[in-house]
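Note on naming: letters A, B, ... go to the chains in the order of the sequence lines (proteins, then strands), and numbering restarts at 1 for each one. This is a predicted model, so every value here is computed, not measured.
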There are 2 protein chains.
Amino acid sequence: MTNIILSKSEENYLKSIYNLSDSGNKIVTTNSISKILNIEPASVTDMIKKLSKKKLIYHEKYKGTKISKNGIIVALQIIRRHRLWEVFLYEKLNFNWDEIHEVAEELEHVSSDQLIDNLDKYLKYPKIDPHGDPIPNKLGEVDFVDKISISDLKIKEKGIVSRIVNEDEGFFNLLNKLKIEIGTEVTILDKIDYDGSLDVLINNKSVIISKEIAENIKITKI
Amino acid sequence: MTNIILSKSEENYLKSIYNLSDSGNKIVTTNSISKILNIEPASVTDMIKKLSKKKLIYHEKYKGTKISKNGIIVALQIIRRHRLWEVFLYEKLNFNWDEIHEVAEELEHVSSDQLIDNLDKYLKYPKIDPHGDPIPNKLGEVDFVDKISISDLKIKEKGIVSRIVNEDEGFFNLLNKLKIEIGTEVTILDKIDYDGSLDVLINNKSVIISKEIAENIKITKI
DNA sequence: AATTATTTTTAGATAAACCTAAATTAAGGC
DNA sequence: GCCTTAATTTAGGTTTATCTAAAAATAATT
């Protein structure tokens, strides 16, 4: 129970490094962190030194950054807080799917274990957030995440929508229009060779969706 | 709708200045701010200059600080956020009376109007927080607050407990023991001249409470 | 392989929010 | 009304998190 206290900035960097690392497997470049956080590379280098000293990441000059075991644990707690707040905002405060991220980004930095544990209980220990992303439990354990997109299905195959990767408003409006949400069943009717578009059966209606969109909708094959 | 964005520090100073000013009426000293925030007077002077420049307070060198009209409005919004979160923590997350303050102190700085308005609605527009303090509405309007304490009652007079001023755990435990909460009826049976203690009838039981305790429990006379 | 381009790091600066020590002003006691 | 004390402010310093500009290392291209 090494309860390290991090600043808001440190938390944001660590979370970003975790997210860029593909669950801790990949080495993350200084530039990629810089881009995602909109902070100059020079500043990123500074923070990398700081997090290295705290043993949350490993870093070799000019060779990129790897998140440590401990770093992963801490990052998952930040992600846990973020996603629990997203559930709260969506289910209890009636926020839209595309409005929750920004506010959760602030709320996640309020670090009280009692707050998060009671919130978790209050929300009845949700397993996924409104985008379908899994919520780590108190111990940092995370459920399996579907990595298959609609675009990975073959003709006549079926799937259940499990996760939405994109977070912006336009995408949200499209999903709304198509009545796609977590749990919706989809069946591939046809694949258009020309640009990779898909003809998909959703709610008993055939619709054409672009390859890009299809890639952003993860599913469980059935 | 001049929506000034303040840092967490600035918000804390402004809130403290408002609280020390008796609803904006009194002039606040640098030292009193220093004491309440546990920050050196020299640092307080720095921040006073900053808030002055933003026209949230008026300040004359060596002569103290007065909160401005605009400062009051901003302060009341911070207080609104704080108290709404207290209601949430107490009613929904089952926090104890003495545990809510600290966490609300962090949550109050998450400044999203949508968040606060929806939270307000979700909590059914509460008028008071768990300590009995009034919650300013969206426009900064605050209900009248009882300024009479149990210690102000005369023998045989009755009151309804409306507000608890003290926030610490020991005091909370005492109230618990005496079964005093917001809404409890009290009747003065006797006043002990020696130290100002009071003999009070609470839940059909006579109990002796010290003058200090009696001063921390505000009531509505009936 | 040499040169160019890109990435990363270093060096030095800035703003915010603190601090300590010293100087200034106001207030209280006699 | 002077003098001591207390309150307040100024001056200068520190830490955190950022920046720009320049240097160093790595990667890409011819």
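- With hydrogens and angles left out, the side-chain atoms of B:His131 and B:Asn166 include no donor and acceptor closer than 3.5 Å.
- For the pair B:Asp46 CG and C:dC18 P, the interatomic distance rounds to 10 Å; values are reported in whole Å.
- Within the structure, a side-chain polar atom (N or O) of B:Ser43 is placed less than 4.0 Å from OP1 or OP2 of C:dC19.
- Applying the 4.0 Å criterion to OP1 and OP2 of D:dT10, one finds that B:Thr45 has every side-chain N and O outside that range.
- In this entry the distance linking CD of A:Glu40 with C1' of C:dA15 reads 17 Å, nearest Å.
- A sub-4.0 Å separation between OP1 or OP2 of D:dA6 and a side-chain N or O of B:Asn31 is absent.
- For the pair A:Lys92 and A:Tyr122, the distance from NZ or CZ to the six-membered ring centre is under 6.0 Å and the angle to the ring normal is within 45 degrees.
- OP1 or OP2 of C:dT10 has at least one side-chain nitrogen or oxygen of A:Lys49 nearer than 4.0 Å.
- Note on B:Ser9: every side-chain N or O is 4.0 Å or more away from OP1 and OP2 of C:dA16.
- For A:Thr29 and A:Asn31, the side-chain atoms include no donor-acceptor pair closer than 3.5 Å.
- Mapping A:Lys63 and A:Asn38 onto DNA chain D by nearest heavy atom places A:Asn38 closer to the 5' end of the strand.
- Between B:Tyr13 and C:dC18 there is a side-chain polar atom (N or O) within less than 4.0 angstrom of OP1 or OP2.
- An OP1 or OP2 oxygen of C:dT9 is reached within less than 4.0 angstrom by a side-chain nitrogen or oxygen of A:His59.
- Closest-nucleotide positions on DNA chain D for A:Ser7 and A:Lys61 were compared, and the one nearer the 5' end corresponds to A:Ser7.
- Annotation for A:Ser52 and A:His59: closest pair OG-CB, 3.4 Å, computed over non-hydrogen atoms.
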